[in-house]
Amino acid sequence: MAITGIKGFNDILPGEVEKWQRIEATARRVFENCGFSEIRVPIMEKTELFARSIGDATDIVEKEMYSFVDKGDNRVTLRPEGTAGVIRSFIEQKLHAQDPVAKLYYMGPMFRSERPQKGRYRQFHQIGAEVTGITNPRIDAQILVMLCRFFAELGITEPTLQINSLGCPECRPAYRAALKEYLEMRRESLCDDCRRRIDTNPLRALDCKVIGCGEATAEAPSVLQHLCSGCDEHFASVRRHLDATGTSYSVNHRMVRGLDYYTRTTFELVTGLLGSQSAVAAGGRYDGLIQELGGPKLPGIGFAMGVERVALLLSDEGLARRPDLFIAAHGEAAGDEAFRLMILLQGEGLRVELEYEGKSLKSQMRRADKLGARYTLVLGEDELVSRRGKLKEMASGEQQELPLEPAALARALSCS
Ligand code: HAM
């Protein structure tokens with residue numbers, strides 16, 4: 001029996017991969033315009049890096065990590081997200097010594113052992129960006145504007161931006177306590193997970209998908225009412241900058257995020273088009289994380305998008321790769337000339353194909369059709385003698401006679 005792939009680990013096939021290339025190229029362009037440089041970090045790190053940054057009491061660390069003990073008895077984990085590894089590298093490679101302000105982006109596979117469904121996979125891909133060393137709320141707004149611009153450039157307008165502030169170590173404990181008290185009074189109406197969360201991670205109860213929990217927490221205290229003056233001003237300033245740049249958003253005080261490192265601004269780009277997997281991109285500020293991981297006291301902020309989810313929203317219009325030219329040949333000598341011309345034209349940057357196995361002319365033309373070639377050129381003995389051939393535009397059926405010279409053919413193909 002043939003060996004199959006692993007559930008939740010997908011192949012990305014030609015036809016689909018063109019979307020990914022467009023998404024990646026757009027991210028590189030838009031992010032680099034904003035001063036970001038790419039960083040590539042390993043896909044496997046020590047388990048404790050994720051436990052310490054994402055948080056022991058999160059779903060990711062509790063249930064979803066691919067962790068194992070390697071041959072050297074080290075506990076290692078396939079990265080479930082990108083921030084921890086990037087910040088680990090920022091600290092370990094002492095990037096902060098050259099410049100505390102780093103603007104980094106990354107793309108690549110992440111791994112979470114979740115139940116696979118549309119938009120949710122076990123190997124999935126993120127494109128993310130992280131900024132260190134800037135406290136000013138203008139960077140929060142810059143990140144959000146950049147993210148919205150990325151989607152706009154891809155022609156994806158549907159997701160909406162939701163923002164929140166989760167406060168800081170100064171004001172969050174009081175909010176946590178107020179929320180705990182509220183949840184404690186409704187313990188009976190909560191699901192088992194949320195009952196457990198009352199002590200470990202009460203904010204996550206606001207995010208629970210169980211209907212009873214949603215009802216029980218409908219009137220829960222809002223984090224925004226508990227912000228200290230510093231966090232309140234920071235959040236107001238982020239909103240002001242978003243307004244000033246014409247960026248639409250809504251405030252969602254129930255958005256809590258599934259990772260523990262967040263402080264102050266958090267955000268998600270959400271869509272109604274992907275069923276229950278509504279977040280296409282998400283992120284926030286993490287002012288304590290760099291220090292928590294043993295680095296200097298520097299703030300941070302970033303986001304990551306799920307490439308599979310972006311691809312599901314992206315239309316494939318205009319993405320199909322068609323050959324510019326298909327050269328069909330009649331006979332061995334014409335086949336050799338077709339091959340020579342193809343190689344020369346490919347060298348000119350044109351997409352040129354032919355049929356290798358010397359099949360009938362009819363079958364070669366069927367292949368040209370199947371590949372969607374824009375032009376065809378048929379070579380036979382006459383063409384070899386006259387050194388001229390007829391270039392046919394497939395859509396219109398129009399033909400033009402040209403010398404069988406790469407330069408003339410390349411000119412005709414490029415002009416169209
Ligand atoms: P996250 O919200 O866990 O944040 O993931 C970010 C995005 O990755 C999600 O909005 C979603 O689009 C995608 N994603 C997550 N899990 C899956 C999955 N199983 N299948 C498909 N897509 C998925 C983070 O990972 C943070 N590191 C973001 C961040 C960067 N915050 C600050 N800097």
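All ligand and atom numbering here is 1-based and tracks the order in the structure.
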Legend entry - No-hydrogen, no-angle side-chain donor-acceptor test under 3.5 Å, His241 and Asp140: no
Inset, instruction - Find all atoms of ligand 1 within a distance of less than 4.0 Å from any non-hydrogen atom belonging to Ala304, and give their numbers and elements. - result: 6 (C), 7 (C), 28 (C), 29 (C), 30 (C)
Legend entry - Protein heavy-atom partner closest to atom 23 (C) of ligand 1 - residue, atom, separation in Å: Phe124 CD1, 3.3 Å
Inset, instruction - Would you check the N or O atoms of Met305, main chain and side chain alike, for any that come under 3.5 Å of an N or O of ligand 1? - result: no
Inset, instruction - Could you tell me the residue and atom name of the protein heavy atom closest to atom 8 (O) of ligand 1, and the distance to it rounded to 0.1 Å? - result: Gln126 NE2, 3.2 Å
Inset, instruction - May I ask you to identify the nearest protein heavy atom to atom 3 (O) of ligand 1, giving residue, atom name and distance to one decimal place in Å? - result: Arg112 NH2, 2.8 Å
Legend entry - Distance from atom 33 (N) of ligand 1 to nearest protein heavy atom, with residue and atom: Glu130 OE1, 2.8 Å
Legend entry - Protein residue, atom and distance nearest to atom 26 (C) of ligand 1, heavy-atom basis: Tyr261 OH, 3.3 Å
Legend entry - Heteroatom distance test (Arg120, ligand 1): nitrogen or oxygen, under 3.5 angstrom: no
Inset, instruction - For atom 30 (C) of ligand 1, state which one of Thr58, Thr83, Ile54, Ile87 supplies the nearest heavy atom. - result: Thr83
Inset, instruction - Say whether, by atom type as modelled, one donor and one acceptor occur between the side chain of Arg351 and the main chain of Asp324 under 3.5 angstrom. - result: no
Legend entry - Residue part near ligand 1, for Ala281, under 4.0 Å between non-hydrogen atoms: backbone
Inset, instruction - Give a yes or no on whether the backbone of Met255 and the side-chain of Asn164 come within a donor-acceptor separation of less than 3.5 Å. - result: yes
Inset, instruction - Look at atom 29 (C) of ligand 1 and find which of Tyr286, Tyr262, Tyr121 reaches it with the closest heavy atom. - result: Tyr262
Inset, instruction - Measure the distance from atom 13 (C) of ligand 1 to every protein heavy atom, then report the residue, atom name and distance (to 0.1 Å) of the closest one. - result: Gly306 CA, 3.6 Å
Inset, instruction - Run the numbers for me: atoms of ligand 1, each under 4.0 Å from some heavy atom of Gly119, listed by number. - result: 20 (N), 21 (C), 22 (N)
Inset, instruction - First locate atom OG1 of Thr265, then atom NE2 of His234, and finally report the distance between them rounded to the nearest 0.5 Å. - result: 3.5 Å
Legend entry - Side-chain H-bond candidate by donor/acceptor type, Ser89 with Glu92, under 3.5 Å: no
Legend entry - Pi-cation contact, Phe235 with Arg239 (under 6.0 Å, within 45°): yes
Legend entry - Spacing of OG belonging to Ser248 relative to CG belonging to Leu161, to within rounding of 0.5 Å: 8.0 Å
Legend entry - Neighbour count >12 (heavy atoms, 6.0 Å) for atom NZ, Lys19: yes
Legend entry - Main-chain N/O of Met107 paired with Arg40 side-chain donor or acceptor, under 3.5 Å: no
Legend entry - Polar atom proximity, Ala279 to ligand 1 (N or O, under 3.5 Å): yes
Legend entry - Nearest non-hydrogen protein atom, atom 11 (C) of ligand 1: Arg309 NH1, 3.4 Å
Legend entry - Any Arg257 heavy atom less than 4.0 Å to ligand 1: yes
Legend entry - Separation between NZ of Lys103 and CD1 of Ile301, rounded to the nearest 0.5 Å: 12.0 Å
Inset, instruction - Could you label the plane-to-plane angle of the Phe31 and Phe150 rings as parallel, tilted or perpendicular, counting under 30° as parallel and over 60° as perpendicular? - result: tilted
Legend entry - Ile60, any N or O under 3.5 Å of ligand 1 N or O: no
Inset, instruction - Could you tell me whether some N/O pair between Glu308 and ligand 1 is separated by less than 3.5 angstrom? - result: no
Legend entry - Glu170 CD to Arg172 CZ distance, which is reported to the nearest 0.5 Å: 12.5 Å
Inset, instruction - Tell me which protein heavy atom sits closest to atom 19 (N) of ligand 1, plus the residue, atom name and distance to 0.1 Å. - result: Glu114 OE2, 2.7 Å
Legend entry - Within-cut-off N or O pair, Glu81 and ligand 1, under 3.5 Å: yes
Inset, instruction - May I ask you to establish whether Arg264 and Tyr262 are in a cation-pi arrangement, using a distance under 6.0 Å from NZ or CZ to the six-membered ring centre and at most 45° from the ring axis? - result: no
Inset, instruction - Give the numbers and elements of all ligand 1 atoms closer than 4.0 Å to a heavy atom of Leu259. - result: 3 (O), 4 (O)
